[in-house]
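One is the number of the first residue; the rest follow in order along the sequence. Computed from heavy atoms alone, side chains included, the values below leave out hydrogens, waters and symmetry copies. All values derive from a computational prediction rather than experimental measurement.
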Amino acid sequence: MGDTNGQIVAGGNGQGNRLDQLNGPSDVLIDKETDSLIICDRETGRVVQWSRRSGTTQGEILIDNIKCSRLAMDDQRYLYISDYDKHEVRRYQIGDKHGTIVAGGNGKGAGLDQLNDPYYIFVDQQQTVYVSDRNNHRVMKWNKGAKEGIVVAGGQGYGNALTQLSCPQGLFVDTLGTIYVADSANHRVMRWPKGAKQGTVIVGGNGAGEGANQFNYLRGLSFDQQGNLYVADELNHRVQRFSIE
């Protein structure tokens with residue numbers, strides 16, 4: 001807090017696939033157990049781990065040959081990775097290179113056992129996996145061990161009705177099972193209570209623009225402990241913070 005300059009903690013040696021380089025990193029999380037960063041290095045097709053200890057000059061490859069979109073980690077330190085090429089989400093133990101399919105994995109499609117360009121993922125304490133199924137314009141919930149998922153938001157085609165999502169991205173699920181989703185192409189954040197057939201717009205929804213109540217193609221979202229919502233507003237090149245009642 002208060003810094004005006006950032007500090008490079010991974011990469012910073014140009015674009016490439018050496019162990020001291022990154023290429024198009026698209027997600028990162030902190031593994032507190034090992035005090036390291038786990039990075040989805042999208043364009044090299046790998047997931048890498050970088051120690052946060054000072055003096056670290058390169059990372060190590062955890063998983064190779066994966067078209068990784070986003071990462072999540074559960075309370076048991078299992079790693080979840082969405083693969084936009086295989087249209088699946090896999091769960092890995094750290095050190096395991098193969099993983100287990102926990103969502104999708106039946107080719108690209110709109111069936112309940114399929115995904116089409118899975119993007120953001122959220123995992124709850126029961127190891128339930130929620131996925132932004134971007135090109136199916138829906139959020140899917142896969143209970144632990146399930147062979148197919150449940151549509152929990154959207155799934156009514158591309159559109160801007162309250163029953164619809166358009167290219168959903170960032171995702172957060174609270175302890176009551178309420179879903180918060182970045183409805184990207186509709187430039188709004190929606191809240192879907194557990195079991196609801198339609199959502200409500202909590203911020204945005206005023207068309208694409210630069211106003212304080214507008215977005216231009218939003219991506220990730222996150223909450224802090226005070227309940228403030230942070231939204232990555234991609235084409236406005238900014239992060240916005242909102243106080244949500």
Side-chain angles (χ1 to χ4, degrees), residues 24-27 40-47 63 65-72 79-92 98-124 127-173 177 179-192 194-199 208 215 217-221 232 234-235:
S26 61
D27 205 3
C40 172
D41 196 24
R42 185 174 166 135
E43 298 305 317
T44 62
R46 64 192 188 187
V47 175
I63 299 154
N65 301 315
I66 184 165
K67 299 289 188 187
C68 128
S69 276
R70 294 291 183 270
L71 307 167
L79 184 62
Y80 296 75
I81 305 173
S82 55
D83 186 325
Y84 63 88
D85 186 48
K86 292 182 178 163
H87 307 285
E88 67 187 25
V89 179
R90 279 183 186 259
R91 181 177 66 223
Y92 296 82
H98 301 294
T100 307
I101 294 174
V102 291
N106 294 297
K108 172 179 169 179
L112 292 177
D113 63 346
Q114 293 178 304
L115 298 168
N116 184 352
D117 197 13
Y119 225 67
Y120 286 79
I121 40 184
F122 185 92
V123 183
D124 71 12
Q127 295 184 325
T128 307
V129 179
Y130 295 82
V131 190
S132 286
D133 190 10
R134 191 166 66 162
N135 288 344
N136 283 325
H137 313 296
R138 66 190 185 183
V139 175
M140 297 295 289
K141 171 185 176 180
W142 290 65
N143 291 314
K144 188 177 180 182
K147 293 287 177 248
E148 57 180 45
I150 302 159
V151 180
V152 288
Q156 304 294 321
Y158 185 96
N160 64 3
L162 292 178
T163 56
Q164 294 177 304
L165 297 170
S166 296
C167 304
Q169 302 219 40
L171 197 54
F172 181 86
V173 184
I179 296 159
Y180 295 83
V181 57
D183 189 12
S184 281
N186 286 325
H187 316 290
R188 65 190 185 185
V189 177
M190 294 194 77
R191 177 198 284 144
W192 291 65
K194 188 173 183 177
K197 293 288 176 241
Q198 67 177 45
F215 300 107
Y217 203 70
L218 57 167
R219 286 246 185 192
L221 54 80
E234 184 182 21
L235 297 184

For the backbone of [Y] and the side chain of [X], can you confirm whether one donor and one acceptor N or O come within less than 3.5 Å of each other?
{"X": "H187", "Y": "Y217", "value": "yes"}
{"X": "D27", "Y": "L71", "value": "yes"}
{"X": "N143", "Y": "A146", "value": "no"}
{"X": "S82", "Y": "R70", "value": "yes"}
{"X": "N186", "Y": "G159", "value": "yes"}
{"X": "Q114", "Y": "N106", "value": "yes"}
{"X": "S184", "Y": "L218", "value": "yes"}
{"X": "D83", "Y": "H87", "value": "no"}
{"X": "S26", "Y": "S69", "value": "yes"}

Test side-chain contact (heavy atoms from CB on, under 4.5 Å) on V173 and D124 and set out the steps.
CA-CA 8 Å; V173 184; D124 71 12; 5.8 Å; no
Quick test of your reading: applying salt bridge (charged side-chain N to carboxylate O under 4.0 Å, His left out), list the pairs with at least one residue in residues 105-119, sequence neighbours left out, ordered by first then second residue.
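Output for this query lists D117-R134.
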Go through it in stages, so that I can follow the logic: the residues are I81 and I66, the test is side-chain contact (heavy atoms from CB on, under 4.5 Å), and I'd like the CA-CA distance, side-chain angles, deciding distance and then a yes or no.
CA-CA 9 Å; I81 305 173; I66 184 165; 3.6 Å; yes
Should the pair R46-D41 be classified as a salt bridge under the 4.0 Å nitrogen-to-oxygen rule?
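Yes, this pair counts.
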Would you check if the distance from the ring center of Y84 to the ring center of Y119 is below 6.0 Å?
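No.
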Would you mind telling me which of H137, R188, Q169, Q164 makes a side-chain hydrogen bond (donor to acceptor under 3.5 Å, both in side chains) with D183?
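Exactly one candidate clears the test, R188.
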If we only count heavy atoms from C-beta on, is the Y130 to I121 side-chain gap below 4.5 Å?
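No, too far: nothing below the 4.5 Å cut-off.
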Pairwise side-chain contact, R90 with V102, heavy-atom cut-off 4.5 Å (strictly under)
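No, every pair of side-chain atoms sits at 4.5 Å or beyond.
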Please determine whether side-chain contact (heavy atoms from CB on, under 4.5 Å) holds for the pair Y180 and L171, giving the CA-CA distance in whole Å, both sets of side-chain angles, and the decisive distance to 0.1 Å.
CA-CA 6 Å; Y180 295 83; L171 197 54; over 6 Å; no
Pair R138, D133 - check salt bridge (charged side-chain N to carboxylate O under 4.0 Å, His left out), show working.
CA-CA 5 Å; R138 66 190 185 183; D133 190 10; 2.7 Å; yes
Return the set of residues passing side-chain contact (heavy atoms from CB on, under 4.5 Å) with E43 (not counting sequence neighbours), or none when no residue passes.
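Expected list: N23.
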